[in-house]
Amino acid sequence: DKLLLTTQTAIRIKATSGSHSAAIDGMYMLEDIDTLDDRDGNNIVKMTYLGEKDASDNTGQVEILSSLDAL
(Lines give C-alpha, C1' and ligand atoms only; values in the text may rest on other atoms or scores of the structure.)
Protein backbone atom coordinates (compact mmCIF):
# COMPACT_ATOMS: atom_id res chain seq x y z
CA ASP A 1 0.00 0.00 0.00
CA LYS A 2 2.87 2.37 0.78
CA LEU A 3 4.04 2.13 -2.83
CA LEU A 4 0.74 3.49 -4.13
CA LEU A 5 0.46 6.59 -1.93
CA THR A 6 0.47 9.90 -3.77
CA THR A 7 0.86 12.09 -0.69
CA GLN A 8 4.11 13.56 0.60
CA THR A 9 6.43 11.15 2.36
CA ALA A 10 9.11 12.06 4.88
CA ILE A 11 12.46 10.54 3.90
CA ARG A 12 15.60 10.43 6.04
CA ILE A 13 18.77 8.86 4.66
CA LYS A 14 21.98 8.66 6.65
CA ALA A 15 25.15 7.19 5.23
CA THR A 16 28.62 6.94 6.70
CA SER A 17 31.75 5.58 5.08
CA GLY A 18 35.05 6.19 6.82
CA SER A 19 35.47 9.93 7.30
CA HIS A 20 32.66 10.76 4.85
CA SER A 21 28.97 11.06 5.72
CA ALA A 22 25.76 12.31 4.17
CA ALA A 23 22.29 13.03 5.47
CA ILE A 24 19.15 13.80 3.47
CA ASP A 25 15.96 14.93 5.20
CA GLY A 26 12.90 16.17 3.40
CA MET A 27 9.37 15.75 2.17
CA TYR A 28 9.04 14.06 -1.21
CA MET A 29 6.26 12.99 -3.59
CA LEU A 30 6.36 9.54 -5.18
CA GLU A 31 7.09 10.08 -8.88
CA ASP A 32 7.68 6.61 -10.33
CA ILE A 33 7.96 2.90 -9.47
CA ASP A 34 9.99 0.46 -11.57
CA THR A 35 10.44 -3.26 -11.07
CA LEU A 36 13.72 -4.86 -12.09
CA ASP A 37 14.39 -8.59 -12.39
CA ASP A 38 17.05 -10.15 -10.21
CA ARG A 39 18.94 -13.30 -11.21
CA ASP A 40 18.09 -15.28 -8.06
CA GLY A 41 14.33 -14.93 -8.59
CA ASN A 42 13.82 -11.97 -6.28
CA ASN A 43 12.37 -8.69 -7.49
CA ILE A 44 14.00 -5.32 -7.10
CA VAL A 45 11.67 -2.33 -6.77
CA LYS A 46 13.00 1.17 -7.52
CA MET A 47 10.95 4.03 -6.10
CA THR A 48 11.75 7.55 -7.33
CA TYR A 49 10.69 10.49 -5.15
CA LEU A 50 10.82 14.17 -6.14
CA GLY A 51 11.17 17.04 -3.71
CA GLU A 52 9.88 20.58 -3.89
CA LYS A 53 11.61 23.12 -6.13
CA ASP A 54 13.98 25.49 -4.38
CA ALA A 55 14.55 29.19 -5.09
CA SER A 56 16.87 28.29 -8.02
CA ASP A 57 14.21 26.01 -9.59
CA ASN A 58 16.16 22.85 -8.67
CA THR A 59 14.27 19.73 -7.64
CA GLY A 60 15.78 17.15 -5.30
CA GLN A 61 15.37 13.50 -6.22
CA VAL A 62 15.76 10.34 -4.15
CA GLU A 63 15.80 6.81 -5.56
CA ILE A 64 15.28 3.88 -3.21
CA LEU A 65 16.02 0.30 -4.26
CA SER A 66 14.35 -2.51 -2.30
CA SER A 67 14.87 -6.22 -2.89
CA LEU A 68 11.70 -8.28 -2.40
CA ASP A 69 11.70 -12.08 -1.98
CA ALA A 70 10.02 -14.02 -4.76
CA LEU A 71 6.51 -15.22 -3.97
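This structure is a prediction, so every number in the text was calculated from the model and none was measured.
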Closest approach of Val45 to Thr35 (non-hydrogen atoms, all atoms of both residues): CG2-CG2, 4.3 Å
Interatomic spacing from OH in Tyr49 to CD in Glu63 - rounded to 0.5 Å: 12.0 Å
Reported OG1-to-CD distance for the pair Thr59 and Glu31, which is rounded to 0.5 angstrom: 9.5 Å
Close side-chain approach of Leu30 to Met47, heavy-atom, < 4.5 Å: yes
Ile33 and Lys46, any side-chain heavy atoms less than 4.5 Å apart: no
Neighbour count >12 (heavy atoms, 6.0 Å) for atom CD, Glu52: no
